[in-house]
Amino acid sequence: MITIVTLHFLAAAIAPALVRRLERRTFLVLALVPLGSFLWLLGQAEAAFDGDVRTERVQWIPTIDLQIDLALTPLNAVMALVVTGVGALVLFYCRWYFREGDREMWRFSSVLTAFAGSMLGLVVSDNLYVLFVFWELTTVLSFLLIGHNPERKANRRAAMNALIVTTFGGLVMLLGLFVLGHEAGTARISEILASPPQGTATTIAVLLILVGAISKSALVPFHFWLPGAMAAPTPVSAYLHAAAMVKAGVFLVALLAPAFSDIPGWRPLLLGTGIVTMVIGGLRALRQHDIKLLLAYGTVSQLGFLIAVVGAGTQAAMFAGLALVLGHALFKSTLFLVVGVIDRSTGTRDLRELTGLHRKLPVVFVATLLAAASMAGLPPLLGFTAKEAALAAFLDLDADAGLGVWGTVALVGLVLGSTLTVAYTARFVWGAFGVRSVTPPTVTPQRLGFVVAPALLAGLSLVGGFAGGFLTPRLMAYAGDAPAGAHEPLLTLWHGVTPALGLSVLAVTAGLLLWVARRAVASAQRRFVESMHVPDAELVYHGIIRGVDRTSIEVTGRTQRGSLPVYVGITLLVLVTIPGIALVRTWDGVRLRGPDNLLQVAIVVVVVLAAILTVRSRRRLRAVLLLGVTGYGTALLFVAHGAPDLALTQVLVETFSVVTFVLVMRRLPPFFSDRPFTSARRIRVAVGCLVGLAVGGYALMAANARTARPVGLDFAEPAYDYGGGNNIVNVTLVDIRVWDTFGEIAVLVVAATGVASLIFLLTDRATSHREARRDRASSDAGWLRGAGLIADRRRSVVFEIVARIVFPVLMTFSIYLTFAGHNLPGGGFAGGLIAGLALMVRYLAGGRAELDSAAPVDAGVVLGSGLVIAALSGVVPALLGYNAFQSGIFDVPTGLFGYEVHLVTSLFFDLGVYLVVVGLSLDVLRSLGGGIDKQGEETGDVETATGEVSIA
Amino acid sequence: MTQIVVLPVLLPLLGAGLCLVFGRSARAQRLISVVVLTTVVVTATTLLVRADRYGPQSVQIGGWGPDIGISLIADRLSALMLLVSTFVTLCVLLYSFGQGIVEYGRETPLSVFHPTFLVLSAGVSNAFLSADLFNLFVGFEVLLAASFVLITLGGTEARIRAGTIYVIVSLVSSAVFLVAISCVYAATGTVNFAELAGRIAELPPGVAQMLQLLLLTTFCIKAAVFPLSAWLPDSYPTAPAPVTAVFAGLLTKVGIYAIVRTQTLLFPGDGLRSLLLWASILTMVIGILGAVAQSDIKRILSFTLVSHIGYMLFGIAFASQLGLSGAIFYIAHHITVQTVLFLVAGLIEYRSGTTNLSRLGGLARSAPVLSVVFFIPAMNLAGIPPFSGFLGKVALGQAGIADGDWLAITTVAASILTSLLTLYAIAKVWNRAFWQPAPDADQEHDDEDDWSHGPLHGGGAVANSGGTLMTTMWQKVATKQRLPLAMGLPTALLVIFSVGLTVLAGPLFGITDRAAAELLERTPYITAVLGGSP
């Protein structure tokens, strides 16, 4: 079975390629796949009917109990034969249905074949989830098929409705499958049916699953998608919406009925919706003028009938139900295919425009008569014998299922529905082939092949009527598992004079009368609909969809404010509230330790004041300088704790940041622009205070809970023994936690290049230092040669002299710091910052050209080589068989005065850091300094330029 | 052999350095990036195989002991995340070649894209591999710094604006993370995950819970969990397609990964079950309502991105093996499918000049291959079987039902509702962009920012007019062009990969299942870090 299902998908995959070569004949090739499957299944089916169930299993995902289990039970076999048989004929029919050179044929042929495969998979699956997989596949593929001609809005809409409605049902069903699978402890259908779980959970699960079945089979209140789906090409309607997909719901009910038909709610739900659907569908069919839509409502009605019968769940009903499925598949696909022929021949489906077709399309006419007779339940057709069986089953509903008076109600409903069926059948035949006083449509002659499929299917309806003896034991192979009822079900043309026969006669007579009195009926219906204000399910559905759309817009409008302060505010409030809950709950006995000395107090007071003043200041420059104060204060705090190395780094970073800020500030207005309203301001202050309090609280509580000794205290000894350095901070940076530093220098590299890329989008960085070289020739020599480019009034000779002298000193010092860092305060980071400051001095004194002449290299290359050196210092030890970044300690004799140089290989990493920091400085100075200068020169005055990005 | 654990971080950074050194040669940069990322993918595969076969692969950086040094570790979870993420990154890189995101125009930003992209990859890998809370922070910083650059690539006004939201929210989240780390260190005196696992258990339960919530808050910002999610749809869609694609695929998943890691390793049990389930429900439903409300493909995808994070939380909340296994599977699925959909959105934009649904149409007819490449991952995202999105949901649904109380069942129901609404949102895209006939071809493309790739646009206000002119010209060329193979092939490759996740779901679920078991057991990880140094 897995093979034939797979073959369908393979055929679907190659179909587009085939269409290119074979055009419409592709369908003939594709039809071979379901045909072959049909024949193979025919060979296997006998064994299934004899009780020898063939099973197959392909391992897929044992974790979630999703195994491809397939089984060929009698029910599955009947369904699979219908699916493949009708599928082959429909594909065959497509060969003539399509017009030469249809541009969408490649997709259509592929999707339809894939659909046939999915449908086949569905009806042979023996695993809940596999069944669901195929179930949803049919939904999606039908979406594509319904929207085959997507130019029309109605078609797109119909496809969407079908998709959403059936997927809704499908997902509800999935929920049910989860519960059922959990309750049963297995997802294998045969095992579940063999020992069905009991209990409330199971009841709910099964009812949820039935929602899926009801939506798929287009029962009230989901019925409206099916007539809409008639937007699909007619072969699709014949296959999906008559023979195959809509039967999936019936199939599912038939599958579960033997095990679950006695659970509370099952019969009321299925009999109720089924019969209501049967009646409503029949009534609406009577009002249609499009013969395809008439059939569509007829199908809705019939599906209600099928679900009601199968869902009744007694042996006789299940037997009759399966017979009806077979009968319905045969006659309904015939009729749809006939509609396709009429449509193609005349160009219309409106029964008011059709006349006298029986003479022009005689074969089609005969086929229609047979199929229609089967639909109406006339002898000697399969539809008749099956309906007799159904009526007989419903006559015994009380006896078999103990439904009491409700059994009788159901029976009455069934007869009423059958009456309507007869009436709309008559309307269909009369509509398609009747003689009217209108201009006869021109009839294009059709090839014989076009009518083969409907003729064959109609013939089978006839054969089926006489094949009661053949079919009975095979259908009983399915229904026989249910407890025997009051009578032994049987398919036959003549039971003798029975109540069922009487009801049949009644239905046919009444139906014909309805048809004869069609004008009166139509006006009565119209009056009834107008007076009752029956809620139209489709309108309700669209109302829901509109509601969803509206809700989505409202909710999104509320949550997605587009305002950064709101987002940050929410984030901070979550930070206060969520961990705050734990804080408040356990806030107890927190010990506080006073300050160690007054210096700490003083520093903290200064820092806090500076922070408050920062947020209060309206001038940007002032804010930045005050921010700097908080930074320097922090550095002092480090000093107070005895960490000069950290303090040094902090001071350098702070200096560099402040200067950078100032460079940027030249392009920004001097004042913060948008001051928030006072109320917003108050909220912000409140949030800020809350965050401060909360974070303070977290810190206190965490510090109080400490029991273990912090790891930092253990750094000192190994730093010297293993890291080979006296400066613990530096060893930590370049060795113990080198991996962090490595990441952080990558951050620096990225930040530098990122800033540069933004600033230099227009000002071309790549050429700037080359320009400088060119310019140098023309500029007059002075203390600083590059400074010749800036205006005289802004030059300062003193500054230039100082810069000239200080630069080499600073550079040397920076290199010293880098090398000494392992044992003394310093290190690559500090060294790099010093070098950066040296460059900054040159820039400030002499402008961007001077900077270029001080460092005539591309900053990117410096950054890149720094990163490469750092990375290599990690790779090399690993290549030599050590851990990545492991340092070696060598005492290298220099030959000078007997000194030995104490070399630790982590120095190479530190060099990388140094280069990255220098590159960063260069890049920042070039872009934020030189780049902005250049933009300023191009746009006019630097000071008044606007380029601010306001964030509100 | 375990030393290869460092490669997924070390190599991209080395490559980034080399790219900067060879900044002038586009060819050299491409070569370096491709070689590096391919090697990393191979490494990640090796790590996954080894982790699955021999247990977690760990390394001590610099040979320092786990008590003071930094450990990297690749257990099944890390290795799987690493493999999926680096493969996706590689595909996006190849795609970016085709799009000419950086090559067009002057050479300036050329030297930026490749190194930054590699650094991003290094940051993501580091976050997956790190066994150290502070180093995890560093990993986040690395990827964030790179993402700041990438999201503002080209410096158009819209990108700077969107970038500002992104940058500031990310900085706030980093600050929160630092607060969390400080508190953890203050309470336990260590930042090593394995040591923390032991020491947190000794803390008073209230303090432990506070730390747990602090870390959770941090990671929920990164992962864009409601109500900390609003920044994402406002910032992602404006970036160039490959950038958005890789962000969507990876960045929020790093946050989710961090949640999985910390919640299972440091705070075992389901102590935060209700909180996480509620967060999951709200994230899923409010996120998907956002998607329904949009009319631009990229924005729709950004909202589905937020929404589906809820699925992952849902699996984490139960702290059961099936739930975690489903969540991990879903992460792998979601990385792939979101990335590929953003790449497809890029293709649509490339072809039609826009991703706005009201200006798109008729693509099913005019671009049949594109329609297939969109439809499959789109259905996958919507959880239509048999694709991986559905499989992940089955696992999560089963986990929820097995858990059994009303909140769990409500979450399952919410997840199903989300699935339906995702389908609705996606089907709307299909209906409007692919089926509905195109609006008049000569209709003016209202030129905002959305078709600007780096060098085309001038910085901010300075030369907008020139940039716009060039953009419009470029647009005209682009809309007539067929899609370049160099963009189509990587996209197709990822589509195939995503289908591969479905076909190979059995073995993959085997791995996620064992990964989940390993997470719940905890000892393999702890032993690998504390006792496993070579």
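Throughout, protein chains are lettered first and strands after them, A, B, ... in sequence-line order, and every chain is numbered starting at 1. Quantities reported herein were computed from a predicted structural model and do not represent experimental measurements.
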For a quick test of reading the model, state the closest non-hydrogen atom pair linking [X] to [Y] and the distance between them.
| X | Y | answer |
| --- | --- | --- |
| B:A145 | A:V750 | O-CG1, 3.3 Å |
| A:R737 | B:D132 | NH2-OD1, 2.6 Å |
| B:L14 | A:A871 | CD1-CB, 3.7 Å |
| A:A705 | B:P204 | CB-CD, 4.1 Å |
| A:V574 | B:T217 | CG1-CG2, 3.8 Å |
| B:A230 | A:Y567 | CB-CE2, 3.3 Å |

Pick one of side chain, backbone, both or neither for [X], based on which atoms fall under 4.5 Å of a heavy atom in chain A.
| X | answer |
| --- | --- |
| B:A180 | neither |
| B:L275 | side chain |
| B:L420 | both |
| B:F148 | neither |
| B:V119 | side chain |
| B:L322 | side chain |
| B:F22 | neither |
| B:L391 | both |
| B:L421 | side chain |

Measuring from atom [atom1] of [X] to atom [atom2] of [Y], what distance do you get when rounded to the nearest 0.5 angstrom?
| X | Y | atom1 | atom2 | value |
| --- | --- | --- | --- | --- |
| B:L289 | A:Q560 | CG | CD | 12.0 Å |
| B:I168 | A:T571 | CD1 | OG1 | 11.5 Å |
| A:I553 | B:Q294 | CD1 | CD | 9.0 Å |
| B:F509 | A:I64 | CZ | CD1 | 4.5 Å |
| B:Y424 | A:S552 | OH | OG | 7.5 Å |
| B:L10 | A:L872 | CG | CG | 8.5 Å |

Are the side chains of [Y] and [X] in contact, using a 4.5 Å heavy-atom criterion?
| X | Y | value |
| --- | --- | --- |
| A:M160 | B:W435 | no |
| A:F885 | B:Q60 | no |
| B:W231 | A:L564 | no |
| B:V394 | A:F132 | no |
| A:T556 | B:F303 | yes |
| A:R156 | B:R432 | no |
| A:T63 | B:F329 | no |
| A:V738 | B:W64 | no |

Next on the checklist: Please determine whether side-chain contact (heavy atoms from CB on, under 4.5 Å) holds for the pair B:Q209 and A:I581, giving the CA-CA distance in whole Å, both sets of side-chain angles, and the decisive distance to 0.1 Å.
Outcome noted: CA-CA 9 Å; B:Q209 196 183 42; A:I581 296 170; 5.9 Å; no
Item to check | chain A interface, residue from B:G69, B:P507, B:P437, B:G290 that has the most non-hydrogen pairs under 4.5 Å | outcome: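 That would be B:P437.
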Item to check | When B:G15, B:A364, B:A208, B:G510 are compared by non-hydrogen pairs under 4.5 Å with chain A, the top option | outcome: B:A364
Item to check | Residue of the set A:L137, A:L66, A:V130 for which side-chain contact (heavy atoms from CB on, under 4.5 Å) holds with B:P386 | outcome: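 Single pass found, and it is A:L137.
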Checklist entry - With respect to B:L423, which candidate in A:L163, A:T139, A:V140, A:L171 satisfies the side-chain contact (heavy atoms from CB on, under 4.5 Å) definition? => result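 Going through A:L163, A:T139, A:V140, A:L171 one by one, the side-chain contact (heavy atoms from CB on, under 4.5 Å) with B:L423 is satisfied by A:L163 alone.
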Would you mind checking which part of [X] comes under 4.5 Å of any heavy atom in chain B, side chain (CB onward), backbone (N, CA, C, O), both or neither?
| X | value |
| --- | --- |
| A:A159 | side chain |
| A:W135 | neither |
| A:R103 | side chain |
| A:V568 | side chain |
| A:V875 | both |

Next on the checklist: Within a 6.0 Å radius of atom CZ on B:F375, are there more than 12 heavy atoms belonging to other residues, nucleotides or ligands?
Outcome noted: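 More than 12 within 6.0 Å, yes.
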Item to check | B:D513: partners by salt bridge (Lys or Arg N to Asp or Glu O under 4.0 Å), with sequence neighbours left out | outcome: none
Item to check | chain B interface, residue from A:L572, A:T559, A:L583 that has the most non-hydrogen pairs under 4.5 Å | outcome: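 Top option by heavy-atom pairs under 4.5 Å: A:T559.
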Checklist entry - Please walk me through it: do A:F143 and B:N431 pass side-chain contact (heavy atoms from CB on, under 4.5 Å)? => result CA-CA 11 Å; A:F143 168 70; B:N431 261 5; 4.1 Å; yes
Next on the checklist: If you apply the rule side-chain contact (heavy atoms from CB on, under 4.5 Å), what do you find for B:V138 with A:W739, and how did you get there?
Outcome noted: CA-CA 9 Å; B:V138 173; A:W739 195 248; over 6 Å; no
